[in-house]
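Both backbone and side-chain heavy atoms feed into the values below; hydrogens, waters and symmetry mates do not.
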Amino acid sequence: MNRAETVVIGGGPAGSATACGLAGLGRDVVLIERTAEPHHKVCGEFLSVETQMQLRRLGVDPSALGAVPIEQAAVHSSSRSVTSALPFRALSLSRYRLDDALLRRAQDSGARLNRNVTVKSVTPDGSGWNVSCDNGETVSCRNLVLATGKLGLRGVDDLRDGSLVGLKMHLRPSPEVRRALEGRVELFFLDGSYVGLELVEDGIANLCLVLPRATMSRAGPGWQALHGHLASALPALAERLEGAEPLWDKPKAVVCPTGGHLHRERKTAVYRVGDRLAHIPPFTGDGLAIALASAALAVGHIRRGLSPDAYLAAARQLTASPIRLASMIARLARHRGGRDLMLGAAACAPSLIGTIIRRTRLTLAMDGL
């Protein structure tokens, strides 16, 4: 049996950042990631100023990785479009590059990285845990950090069934569309559906969306069916997709919960970070910033020997207000009347978009991290 002070399960941004922070303090940490190689994940790939700040604190420079700047947001419904300047200079970078850079940074900081390893079971052992893996190893630890994204860990964490499907496709747009997308993120809203489009590194466009399962079933499988559904429902998006070359055979997909969610369990014995702590509705919140901020918060509590309950209370204070507002906006955007109300107000006062973006971020709460 191997031993470590802390085991982190999951090598996404939240898990890698937690392992990196603890290892940088000289703590003994094992990071377990079930995939063997870098891979794409369903994500809008939008890096807010808060996300950039947290990345640089960890020693990761997104601009050096090829991230592209975003300074405007355009919001579209089937009948109306509004464009506004962002209240900060955002960046866009694929999760393929970002996640790989964070994992490497954690390992360089001293974390023991176990790749291509799946956790089979986690069992309490006195004041700690035994983590059994499919490679035959068991790691005994005092602190357990769950960073498994939208996937829970049976027996330790709640498993939430989602009624939405998150999809992502990387495209190579036409030169005209690529020029039109430079420096901006475009958001498209339909009944129960959200679509985001922005450039990432190397002139590639990231199309990311969330659909109800029923809509996905009606649209049919594969990229062509999805393309046809989106183009017929959203003329503005159809223009952007015209002549675009899909870079994969089919979109990446993941099941998503509906609305926002913040873990509420009391008397907890594990530290939950990222989506295992909180899920903020897509395109109306900043999931990457929450992932990195929760990691920084967990590192601080583990360093000071504070309990997971104390961490959870602090994390709730950090994330509750942005999640509450983002959930309200997401509920409005699901229905035509709500979309018309929001876009009508934004058309009269485009700065409203920037105000909403600021209020769903963690700016003030993150100052003390």
So [Y] and [X], do their side chains get closer than 4.5 Å, heavy atoms only?
| X | Y | result |
| --- | --- | --- |
| L312 | L277 | yes |
| V145 | V29 | no |
| T35 | N116 | no |
| P124 | W129 | yes |
| V30 | V131 | no |
| L237 | L207 | yes |
| L93 | L47 | yes |
| R213 | V255 | yes |

| said: Would you say I290 ends up clustered with V42 if hydrophobic residues are merged whenever their side chains have heavy atoms under 4.5 Å apart, either directly or through other cluster members? | reply: no
| task | Flag yes if V254 and V195 sit in one hydrophobic cluster, no otherwise; membership is Ile, Leu, Val, Met, Phe, Trp, Tyr, and two members link when side-chain heavy atoms are under 4.5 Å apart. | result | no
Determine the minimum heavy-atom distance between [X] and [Y], stating which atoms define it.
| X | Y | value |
| --- | --- | --- |
| A23 | G110 | CB-C, 3.8 Å |
| L58 | A17 | CD1-CB, 3.6 Å |
| L103 | S16 | CD2-OG, 3.3 Å |
| L91 | A67 | CB-CB, 4.0 Å |
| V177 | P173 | CG1-CB, 3.9 Å |
| C43 | N206 | O-ND2, 3.0 Å |

Under 3.5 Å: donor-acceptor pair, side chain of [X], backbone of [Y]:
| X | Y | answer |
| --- | --- | --- |
| N143 | I302 | no |
| Q72 | R184 | no |
| S294 | G274 | yes |
| H229 | A225 | no |
| R27 | E5 | no |
| K41 | Y96 | no |
| Y311 | R272 | yes |
| N114 | I32 | no |
| R276 | G149 | yes |
| T51 | A289 | yes |

To the nearest 0.5 Å, what is the distance between [atom1] on [X] and [atom2] on [Y]?
| X | Y | atom1 | atom2 | result |
| --- | --- | --- | --- | --- |
| L181 | L199 | CG | CG | 5.0 Å |
| T148 | E33 | OG1 | CD | 10.5 Å |
| L144 | T6 | CG | OG1 | 9.0 Å |
| L102 | L98 | CG | CG | 5.0 Å |
| Y271 | L306 | OH | CG | 7.0 Å |
| M169 | H40 | CE | NE2 | 11.0 Å |

| query | Just one of E45, E245, K252 clears the side-chain hydrogen bond (donor to acceptor under 3.5 Å, both in side chains) bar with H170, so which one? | reply |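 Of the listed residues E45, E245, K252, the side-chain hydrogen bond (donor to acceptor under 3.5 Å, both in side chains) partner of H170 is E45.
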Would [X] and [Y] pass as an ion pair if we require N to O under 4.0 Å?
| X | Y | value |
| --- | --- | --- |
| R104 | D100 | yes |
| R115 | E37 | no |
| R112 | D28 | yes |
| E201 | R97 | yes |

| task | May I ask you to establish whether K250 and W248 are in a cation-pi arrangement, using a distance under 6.0 Å from NZ or CZ to the six-membered ring centre and at most 45° from the ring axis? | result |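 The answer is no, since K250 fails at least one limit relative to W248.
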| request: Describe, in one word, how the ring planes of Y194 and F189 are oriented to each other, choosing from parallel (under 30°), tilted (30 to 60°) and perpendicular (over 60°). | output: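 Plane angle over 60°, so perpendicular.
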| said: Before you tell me yes or no, could you show the steps for H227 and L241 under side-chain contact (heavy atoms from CB on, under 4.5 Å), namely the whole-Å CA-CA distance, both residues' side-chain angles and the distance that decides it to 0.1 Å? | reply: CA-CA 8 Å; H227 180 190; L241 299 180; 3.6 Å; yes
| message | For E198 and S92, which I'm curious about, is there any donor-acceptor pair between the side chains at under 3.5 Å? | response |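 Result is yes, a qualifying pair exists.
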| request: Give the intermediate values and the outcome of side-chain contact (heavy atoms from CB on, under 4.5 Å) for residues N130 and V122. | output: CA-CA 6 Å; N130 289 331; V122 173; over 6 Å; no
| task | Evaluate side-chain contact (heavy atoms from CB on, under 4.5 Å) for R172 paired with L247, printing each intermediate quantity in order. | result | CA-CA 7 Å; R172 194 168 298 282; L247 300 186; 4.1 Å; yes
| task | Start with the C-alpha distance between L86 and E71, add both sets of side-chain angles, then the distance that settles side-chain contact (heavy atoms from CB on, under 4.5 Å), and finish with yes or no. | result | CA-CA 5 Å; L86 289 174; E71 296 169 342; 5.6 Å; no
| task | In sequence, state the C-alpha distance, the side-chain angles, and the governing distance for R34 and D134, and then conclude on salt bridge (charged side-chain N to carboxylate O under 4.0 Å, His left out). | result | CA-CA 10 Å; R34 63 188 178 91; D134 65 353; over 6 Å; no
